[in-house]
Amino acid sequence: MKKTKRHRTTLISVVIVIVTAALLIFLSLVLVNRVKLETQFAAMISFLTKLDNAVAQLETRSEILICIFALYIAKCQLPIPISFLIAISGMVFPINQALLVNTVFCFFFFTVKYVEGIFIGGGWTGIILNIKRMHFIRDWIQFKGNGNPYILTITRTIPAISLGMVSKYYGSMKYDFINYSILSLIGFAPRIYMYTKLGAAYKNPFSSQFIVPLIIIVAFSGITSLLFNIFYGIKSRQMNQTLLIYSEKEKYKIVL
């Protein structure tokens with residue numbers, strides 16, 4: 001069983017490395033050949049121009065904000081990628097205004113999920129962490145029942161970890177809301193900035209302004225996913241060894 005788990009962790013790590021490396025190589029090739037690709041991009045530019053004109057037909061920025069806010073409300077219950085929502089603001093607002101809008105709306109999303117956790121519990125996260133083999137992660141997150149501030153901040157930076165699941169779990173622990181909000185925004189700030197930059201450069205996705213942030217996001221996602229998988233594998237083996245030692249001790253007591 002132990003060898004099987006070790007092989008599974010190794011296999012997942014290899015897959016993560018291969019996928020990340022392939023994406024980085026592809027994006028690097030796009031970056032090198034961006035001039036040639038830009039000349040072949042007229043059709044998509046035409047489509048994006050139409051999209052931009054459609055957005056511009058809204059009479060006021062208040063209407064645009066309402067539309068974006070409606071999407072964030074939908075995000076609270078639907079699996080809409082938050083990266084997409086953040087990029088939209090970058091498309092229609094100057095970068096500074098877009099960053100402010102995204103920060104406020106992300107705070108709203110974190111708050112909704114936190115409140116959900118208070119009233120309906122930790123959801124799937126709580127169920128998964130109550131599995132015996134996941135208790136070591138649960139204890140690590142709960143941090144003596146008060147909630148671990150470091151884990152909250154770190155999980156906000158890792159794209160592979162669900163924002164909503166973490167938010168609901170911290171809400172179920174009734175973690176201090178002010179600390180929760182500050183740490184969530186601090187951990188998520190780099191992603192807000194990068195996704196907003198992507199949205200701002202959407203008209204020319206073969207430009208370095210678009211490709212470089214995308215390379216950073218892909219590299220960071222791959223590295224953090226790899227580290228998380230390695231950490232889980234190490235902790236899982238340590239837990240299995242502890243349980244094995246404990247079971248042997250109990251068996252010895254029974255014999256005596």
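Starting from 1, each residue takes its place in the sequence as its number.
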Exercise. May I have the step-by-step check of side-chain contact (heavy atoms from CB on, under 4.5 Å) for Ser172 and Ile118, ending in yes or no?
Key: CA-CA 5 Å; Ser172 68; Ile118 292 177; over 6 Å; no

Quiz prompt | side-chain contact (heavy atoms from CB on, under 4.5 Å) assessment of Arg156 paired with Leu183 | solution = CA-CA 9 Å; Arg156 296 307 193 199; Leu183 293 174; over 6 Å; no

Exercise. Please report the C-alpha distance between Lys197 and Ile95 in whole Å, then the side-chain angles of each, then the deciding distance to 0.1 Å, and finally whether the side-chain contact (heavy atoms from CB on, under 4.5 Å) criterion is met.
Key: CA-CA 7 Å; Lys197 288 283 289 183; Ile95 186 69; 4.0 Å; yes

Quiz item: Run the side-chain hydrogen bond (donor to acceptor under 3.5 Å, both in side chains) check on Ser167 and Tyr180 step by step: do they pass?
Solution: CA-CA 9 Å; Ser167 300; Tyr180 163 83; 3.0 Å; yes

Practice problem: List the steps and the verdict of side-chain contact (heavy atoms from CB on, under 4.5 Å) for Ile82 and Phe188. | Solution: CA-CA 11 Å; Ile82 198 165; Phe188 199 59; 4.0 Å; yes

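Between Phe105 and Phe69, the two ring planes are tilted [angle within 30° to 60°].
Both Leu100 and Ile86 are part of a single hydrophobic cluster, where members link through side-chain heavy atoms under 4.5 Å apart. Both Val101 and Ile73 belong to a single network of hydrophobic side chains, linked directly or stepwise wherever heavy atoms of I, L, V, M, F, W or Y lie under 4.5 Å apart. Ile186 and Phe108 end up in different hydrophobic clusters when Ile, Leu, Val, Met, Phe, Trp and Tyr side chains are linked at under 4.5 Å. Hydrophobic clustering (ILVMFWY, side-chain heavy atoms < 4.5 Å, transitive): Leu65 and Ile80 are in one cluster. In this structure, Ile182 is not a member of the same hydrophobic cluster as Phe107, with clusters built from ILVMFWY side-chain heavy atoms closer than 4.5 Å.
Using modelled atom types and a 3.5 Å distance limit, the side chains of Arg191 and Thr196 yield no donor-acceptor pair.
For Tyr193, the OH atom counts as loosely surrounded, since its 6.0 Å shell holds 12 or fewer non-hydrogen atoms of other residues, nucleotides or ligands.
Between the CG atom in Leu185 and the SG atom in Cys106 there is a gap of 8.0 Å [rounded to 0.5 Å]. Between the OG1 atom in Thr155 and the CG atom in Leu163 there is a gap of 8.0 Å [rounded to 0.5 Å].
Lys113 places a side-chain N or O within donor-acceptor distance of the main-chain N or O of Cys76, the cut-off being under 3.5 Å.
Residues Asn179 and Pro149 have side chains not in contact (no heavy-atom distance under 4.5 Å, counting atoms from C-beta outward). When side chains are defined from C-beta on, Tyr195 does not count as touching Leu85, because their heavy atoms never get closer than 4.5 Å. With contacts defined as side-chain heavy-atom distances shorter than 4.5 Å, the pair Leu71/Ile88 qualifies. Residues Leu152 and Tyr169 have side chains not in contact (no heavy-atom distance under 4.5 Å, counting atoms from C-beta outward).
Among residue pairs with one or both ends in residues 64-87, those qualifying as side-chain hydrogen bond (donor to acceptor under 3.5 Å, both in side chains) are Tyr72-Asn102, Gln77-Glu116; sequence neighbours excluded.
Residues Tyr114 and Tyr170 keep their aromatic ring centres 6.0 Å or farther apart.
Shown here for Ala98 and Ser89, the closest heavy-atom pair between the two residues is CB-O, 3.4 Å. Summarising the geometry of Gly187 relative to Thr157, their closest heavy-atom pair is O-CG2, 3.0 Å, with the distance given to 0.1 Å.
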